[in-house]
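One structure is given here, and the rest of the page talks about it.
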Amino acid sequence: DDPALERALAEVPEQARPRLAGFLPGRHWAKQIADHPVMLIVGSSVFVHAGILPSWTKIGPETINAEAEAWLLGEREQPPEAIVDPEGPVWTRTYSANPDAAACAQLSEALEILGVERMVVGHTVHTEGVSSACEGKVWMIDVGLAKYYGGPTQALEIRGDAVSVLGG
């Protein structure tokens, strides 16, 4: 009997309760995803669910990833700010919802701080397919592959400096 778990489960529709229970910190699915970083730099690309604003780059991938992992494993009571901030790496749409010149300037600053050339993001569905913005500095790869969205079957391939979209 866990009163916090019971309160959390009472706040969602009955059909969603088993899924929520598995994803709560310290539970089965949360532990499974704890092994996966919030943000990851590979070569000259940074991969992140939603995007990384300059303020978050200064905190650093290591800290953000370590705090998220600790929370998911149930070793930290409160979720880290990077997970709950609407402009944090898990939620922002600054670079994926028609970024303007100001957003592209922020992106350039974030990439410079991280020492990479491009950011690859998901989170915002683009059923028209994989696309880029800000002169190829951000790639939006959430194509709505799930049947619900009906997006195309596509993937982004990065080989050295060459970036291409696979599929149709």
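Keep in mind that the numbers below use all heavy atoms, side chains included, and drop hydrogens, waters and symmetry copies.
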Does [X] reach the side chain of [Y], with side-chain heavy atoms less than 4.5 Å apart?
X      : Y      : answer
Ser45  : Val116 : no
Ile83  : Trp71  : yes
Arg17  : Gln15  : no
Pro89  : Val48  : yes
Val38  : His49  : no
His126 : Ile141 : no
Leu114 : Pro61  : yes
Val46  : Leu40  : no

Q | Heavy atoms from other residues, nucleotides or ligands near CD of Glu112 exceed 12 (cutoff 6.0 Å) | A | no
(Q) Around atom CG of Asp35, are there more than 12 heavy atoms from other residues, nucleotides or ligands closer than 6.0 Å? (A) yes
Q: Check step by step if side-chain contact (heavy atoms from CB on, under 4.5 Å) holds for Met140 and Thr124.
A: CA-CA 8 Å; Met140 299 159 281; Thr124 303; over 6 Å; no
So which heavy atom on [X] is nearest to which on [Y], and how close?
X      : Y     : result
Pro25  : Ala30 : CA-CB, 4.0 Å
Ile113 : Pro54 : CD1-O, 4.2 Å
Arg76  : Gln78 : NE-O, 2.8 Å

Q.
The test is side-chain contact (heavy atoms from CB on, under 4.5 Å); show your working for Asp142 and Tyr149 and say whether it passes.
A. CA-CA 10 Å; Asp142 187 339; Tyr149 295 106; 5.9 Å; no
State yes or no: do [X] and [Y] share one hydrophobic cluster built from I, L, V, M, F, W and Y residues joined by side-chain heavy-atom distances below 4.5 Å, directly or via other members?
X      : Y      : result
Phe47  : Trp91  : no
Val120 : Leu107 : no
Ile41  : Val138 : yes
Ile59  : Val90  : yes
Val42  : Trp139 : yes

**Q.** Any donor-acceptor pair under 3.5 Å from Arg118 side chain to Gly136 backbone
**A.** no
Q) Is there a donor-acceptor contact under 3.5 Å from the side chain of Arg27 to the main chain of Ala21? A) yes
Q: Apply side-chain contact (heavy atoms from CB on, under 4.5 Å) to Met39 and Ile64, showing your working.
A: CA-CA 8 Å; Met39 51 193 290; Ile64 291 169; 3.7 Å; yes
Out of curiosity, [X] [atom1] to [Y] [atom2], how far, rounded to the nearest 0.5 Å?
X      : Y      : atom1 : atom2 : result
Leu24  : Arg19  : CG    : CZ    : 11.5 Å
Trp56  : Glu81  : CH2   : CD    : 5.0 Å
Met119 : Tyr95  : CE    : OH    : 5.0 Å
Leu20  : Leu9   : CG    : CG    : 5.0 Å
Arg93  : Asn98  : CZ    : CG    : 12.0 Å
Glu135 : Ser108 : CD    : OG    : 7.5 Å

Q) Of Val163, Val165, Leu166, which meets side-chain contact (heavy atoms from CB on, under 4.5 Å) against Val130? A) Val165
Q | Stepwise side-chain hydrogen bond (donor to acceptor under 3.5 Å, both in side chains) check, Thr94 with Glu87 | A | CA-CA 8 Å; Thr94 300; Glu87 290 302 317; 3.0 Å; yes
